[in-house]
Amino acid sequence: MSIATEPNPLLKALIARLAAAAKLPQEQVAGLLRPPPKPDMGDYAIPCHALAKARGAKPDQVAIDLAAELALDPALKDIVAALEPAGAFLNVRVNGGALCAAILPRIAAAGAAYGGGAEGAGQTVVVDYSSPNIAKPFHTGHLMTTVLGASLVRIYRALGYRVVGVNHLGDWGTQCGYQFLAWQRADPQEREKQLAARGIDYLVDLYVGINAPAKELAELKEKLLDKNVALQPDCRKELETAIAALEPQVAETDRRARELFKQLEDGDAELRALWERMRVRTLEVLQLSYDRLGVKFESTDGEGFFEPFLKPMIAELKQKGVLVQSEGAWVIELAEPGAKKKAPPFIVVKSDGATKYETRDLAAAIYRKQTYDFAQNLYVVDVRQGFHFSGLFKALEKCGYPWAKDCRHVSYGLMQIKEGDATLPMTTRGGRMIPLSELLDRMVGIVRGIVDEKNPTLPSERKAAVAEAVGVGAIVFWIQARRRNSNIVFDWKEATNPDGDTGPYVQYTHARACSILRKHGASIPPNAQLALLAAPAEVQVVKALDEFPRVVRDAAREYEPSMLATWLVQTSRLFNDFYNSHQVLKAESEALRDARLALVDAVRTVLARGLALLGLGAPEEM
RNA sequence: GUCCCCGUAGCUCAGUUGGAUAGAGCGCUGGUUUCCUAAACCGGAGGUCGCAGGUUCGAAUCCUGCCGGGGACGCCA
């Protein structure tokens, strides 16, 4: 157990004495200890049901006996303020000042590293996240994986793990052929300009544009086949004519696109250079948005990178006998012998001989194990691909890789955006999608208006920095404020509500703490009498800070950054309560002022740290 | 049809390794600025924790069945 997760000295002593009195191992007592339902009932409670069995007495009596026994313990004299049996529970109220004096120095000593640890030393975690497809718009769905993945990277890194963030770019497939073809047809100067300025958005335009006739054709055919609509003969004829006119054109485009992609696969130098250029430029433009989110990848090996690995892998798997032929395709059978319903196989090579993204995922997983020797391999991908990943992991198991159990699909729900009274899905059919940069800009613009209103005297460049941190933070926090599997609706107005469970609320609380320290000017006195911090509001805040290291670990274990967000809001609320009811700079005495300054400094440190782990900035004023 | 996720206050959600009287925010409503940022704080109203069984001293939490919402399910990614 690292220092950070060890109970604070006071709690440790309490646990030791409780364990001795109850004649139980300390770990068990530590596990039983919990906060009472209401803070005014005490600081820690121990349920006595389990103890009652061992003692052969009623739980209520055990609580009473234990209280009497502990009251006589000299080691607890300065620690415990009250021992109150309440039914089957024993409530312990500790000496608040002593508790603060036990907790705050640990935070001051750790500083910005508080909450972190070294338990991950020597272990590697691979996090596959963001991973946009270059034929599809980078929209709010990618924002989810990017935000969640980046937080997991930071959280695991804080715990001492070596973390490899991978942006597994969807940069391979027939789509490339379509994009090449559209590129060839585009004006040479215009296309350069567009690619340089818009990156992936331009590639998507190319793909969508050249696919428009095919899409139209598909829609016409659907209309013709729709049994629910009775078509007039002349209308039917019209449809048939339109289809006949489109069909050769679409077929020709498809043929040429496939041909171009085949050429790329076969190593055509010119196409390869173009592909590389598109890929690099896409990443460069994306990085502009990534920078605003504080995201940086260790690897950008996309699907194309794994192309050379596929043939050898397929050959090896065939030789091993894992890859078998089924209905013309090469598959890994996943069906369990005794299962009621036959699970579909994992298709590695299509019946036309082409590979699929399953093939590349398989190769990528093997590559990652060989290259990084991960302890965990995480895929931050939306929940709809759950079936794919369970298949992938089972397939890896069938291939005989024991590390298949270390792979995990970190799923998340869908995000929609609220516009007025309407709720728009991020992938509207035919409707325009909001590009990421635009989403961020709009939010920052809204926040800039609030800053202008609330803090007009702030210099302009400071305003801009605050608006950026708070605007982007509002979105980033909103996404992480609920458990990742729930579907979320983004609400422009609510996300910036400083009274709500929002990023701006936490950031504002942090700015308040900074403001006090700034007004104080001088450095924090190092040897404050922390035991003076005995008011309930003070003790509640310090106890919350004490919880932080555990919350970081829970968030890592559950892959749930939302746990940090929840903690940040709760702690902010407690601090604001303290702020409102107690003066710091004009405290009753200098000694009390110094102690409160230490508390404020600790709050500032830990809130900033928590925000940073979630990818939010922490402006010192706003 | 099979599998996965979800169902808690009018709305958005915490709480789920089983523990006491189920908590926040929004919205509604009443109050707090000679005081460190009122982008704040405090109070009030608001609940058959989807339904029904079961396990347990104890269930929002675990098990079974059902209802309702979303998603996936052999050659798209």
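Both backbone and side-chain heavy atoms feed into the values below; hydrogens, waters and symmetry mates do not. Chain naming here is simple, since letters A, B, ... match the order of the sequence lines and numbering starts at 1 in each.
Look at A/Lys38 and you'll find a side-chain N or O under 4.0 angstrom from OP1 or OP2 of B/rG23. A/Asn485 has no side-chain polar atom (N or O) that falls below the 4.0 Å cut-off from OP1 or OP2 of B/rC5.
Screening A/Lys543, A/Arg34, A/Arg93 for a salt bridge (charged side-chain N to carboxylate O under 4.0 Å, His left out) involving A/Asp43 leaves a single residue, A/Lys543.
Judged by a 6.0 Å distance limit and a 45° cone about the ring axis, A/Arg512 is positioned over the six-membered ring of A/Tyr579. In this structure, A/Arg360 is not positioned above the aromatic face of A/Phe305 in the sense of NZ or CZ being under 6.0 Å from the six-membered ring centre and within 45° of the axis.
Taking 3.5 Å as the limit, the base of B/rC75 and the side chain of A/Ser351 contain a donor-acceptor pair of atoms between them. With hydrogens and angles ignored, a donor-acceptor pair closer than 3.5 Å exists between the side chain of A/Ser326 and the base of B/rG74. Side-chain N/O atoms of A/Asn91 and base N/O atoms of B/rA20 include a donor-acceptor pair closer than 3.5 Å. A donor and an acceptor atom sit less than 3.5 Å apart, one in the side chain of A/Gln583 and one in the base of B/rC35.
Its glycosidic angle being more than 90° from 0, B/rU56 falls on the anti side.
The same atom, P, is picked in B/rG10 and in B/rU21; the two are 23 Å apart, to the nearest Å. Between B/rG23 and B/rC57, the distance separating the two P atoms is 26 Å to the nearest Å. Between the P atoms of B/rA14 and B/rG58, the separation comes to 29 Å (whole Å). The separation of B/rC11 from B/rC4, taken at their P atoms, amounts to 28 Å, rounded to a whole angstrom. Taking atom P on both B/rG70 and B/rU12, the two are 15 Å apart, rounded to the nearest angstrom. When the C1' atom is compared between B/rG19 and B/rC62, the two are found 14 Å apart, to the nearest whole Å. Rounded to whole Å, the separation between the C1' atoms of B/rC76 and B/rA9 comes to 43 Å.
Between the CG atom in A/Leu597 and the CG atom in A/Leu592 there is a gap of 9.5 Å [rounded to 0.5 Å].
Straight-line distance from the CG atom of A/Leu414 to the C1' atom of B/rC4: 13 Å, rounded to whole Å. The CG atom of A/Asn487 sits 12 Å away from the C1' atom of B/rG7 (whole-angstrom rounding). For the pair A/Asp382 CG and B/rC4 C1', the computed distance is 13 Å after rounding to whole Å. Here the C1' atom of nucleotide B/rG71 and the OH atom of A/Tyr412 are 14 Å apart, to the nearest Å. Spacing between atom CH2 of A/Trp567 and atom C1' of B/rG23 amounts to 19 Å, rounded to whole angstrom units. A/Arg483 places its CZ atom 10 Å from the P atom of B/rG7, with the value rounded to the nearest Å. If you take CG of A/Asn497 and P of B/rG27, they are 6 Å apart, rounded to a whole angstrom. In this structure, the CD1 atom of A/Ile488 is 15 Å from the C1' atom of B/rA14, given to the nearest Å.
For A/Pro344, whose side chain is taken as the heavy atoms from C-beta onward, the closest listed nucleotide among B/rG70, B/rA77, B/rC73 is B/rC73. Residue A/Arg384 places its side chain closer to B/rG71 than to any other of B/rA77, B/rG71, B/rC36. Here the side chain of A/Tyr505 is nearest to one of B/rA14, B/rA39, B/rC41, namely B/rC41. In this structure, of B/rG74, B/rG19, B/rC41, it is B/rG74 that holds the atom nearest to the side chain of A/Val331. Residue A/Pro37 has its side chain nearest to B/rA20 when only B/rA77, B/rA20, B/rC13 are considered. Checking B/rA72, B/rA77, B/rA24 against the side-chain heavy atoms of A/Arg573 singles out B/rA24 as nearest. Closest contact between the side chain of A/Asp577 and the listed nucleotides B/rG71, B/rC36, B/rC42 involves B/rC42. Ranking B/rG25, B/rA14, B/rA72 by closeness to the A/Asp501 side chain, first place goes to B/rG25. Each of B/rA14, B/rC36, B/rA39 was ranked by its minimum atom distance to the side chain of A/Tyr579; first place goes to B/rC36. Here the side chain of A/Arg512 is nearest to one of B/rA77, B/rA20, B/rA38, namely B/rA38.
Counting non-hydrogen atoms under 4.0 angstrom, A/Ala88 reaches nothing in the nucleic acid. Within 4.0 Å (heavy atoms only), A/Ala354 reaches no atom of the nucleic acid at all. Residue A/Phe387 is classed as a sugar-phosphate contact, given heavy-atom separations below 4.0 Å to backbone atoms only. At a threshold of 4.0 angstrom between heavy atoms, the contacts of A/Pro59 with the nucleic acid are absent. Nucleic acid contact for A/Gln570: none, since no nucleic acid atom lies under 4.0 Å from a heavy atom of the residue. Using a 4.0 Å heavy-atom criterion, one finds that A/Lys454 contacts the bases of the nucleic acid, with or without backbone contacts as well. Residue contacts for A/Gly500: at a heavy-atom cut-off of 4.0 Å it reaches the sugar-phosphate backbone alone, with no base atom in range. If you check every strand for non-hydrogen atoms under 4.0 Å, A/Pro504 touches nothing. Among the atoms of the strands shown, base atoms are found under 4.0 Å from some heavy atom of A/His582. Counting non-hydrogen atoms under 4.0 angstrom, A/Val383 reaches nothing in the nucleic acid. Residue-level contact check: A/Glu621 touches the bases, meaning some heavy atom is under 4.0 Å from a base atom. When heavy atoms are screened at a 4.0 angstrom cut-off, A/Glu327 is found touching base atoms of the nucleic acid.
Toward the 5′ end of RNA chain B lies the nearest nucleotide of A/Thr566, the other residue of the pair A/Thr566 and A/Tyr357 mapping further downstream.
With salt bridges taken as basic N to acidic carboxylate O contacts below 4.0 Å, one links A/Glu538 and A/Arg596. The existence of a salt bridge linking A/Glu547 and A/Arg550 is confirmed by a sub-4.0 Å separation between a basic side-chain nitrogen and an acidic carboxylate oxygen. Taking the charged nitrogens against the carboxylate oxygens, A/Asp382 and A/Arg384 do have a contact shorter than 4.0 Å, which makes a salt bridge.
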*For A/Thr509 and A/Asn576, what are the C-alpha separation, side-chain angles and deciding distance, and is it a side-chain hydrogen bond (donor to acceptor under 3.5 Å, both in side chains)?*
CA-CA 7 Å; A/Thr509 307; A/Asn576 279 320; 3.1 Å; yes
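With centres under 5.5 Å and a plane angle under 30° as the test, the ring of A/Phe89 is not stacked against the base of B/rG19. Ring stacking holds between A/His49 and B/rG19, with the centres under 5.5 Å apart and the planes within 30 degrees of each other.
Under the Watson-Crick or G-U wobble criterion, with both distances below 3.5 Å, B/rG18 has no partner in any strand shown. Judged by Watson-Crick or G-U wobble contacts below 3.5 Å, the nucleotide B/rA39 has no partner. In this structure, B/rG10 and B/rC26 make a Watson-Crick or G-U wobble pair, each of the two defining distances being under 3.5 angstrom. Shown here, B/rA72 forms a base pair with B/rU2; the pair counts as Watson-Crick or G-U wobble because both key distances fall under 3.5 Å. The nucleotide B/rC51 finds its pairing partner in B/rG65, both defining distances of the Watson-Crick or G-U wobble pair being shorter than 3.5 Å.
A donor-acceptor distance shorter than 3.5 angstrom exists from the side chain of A/Gln480 to the backbone of A/Leu614, with no hydrogens or angles considered.
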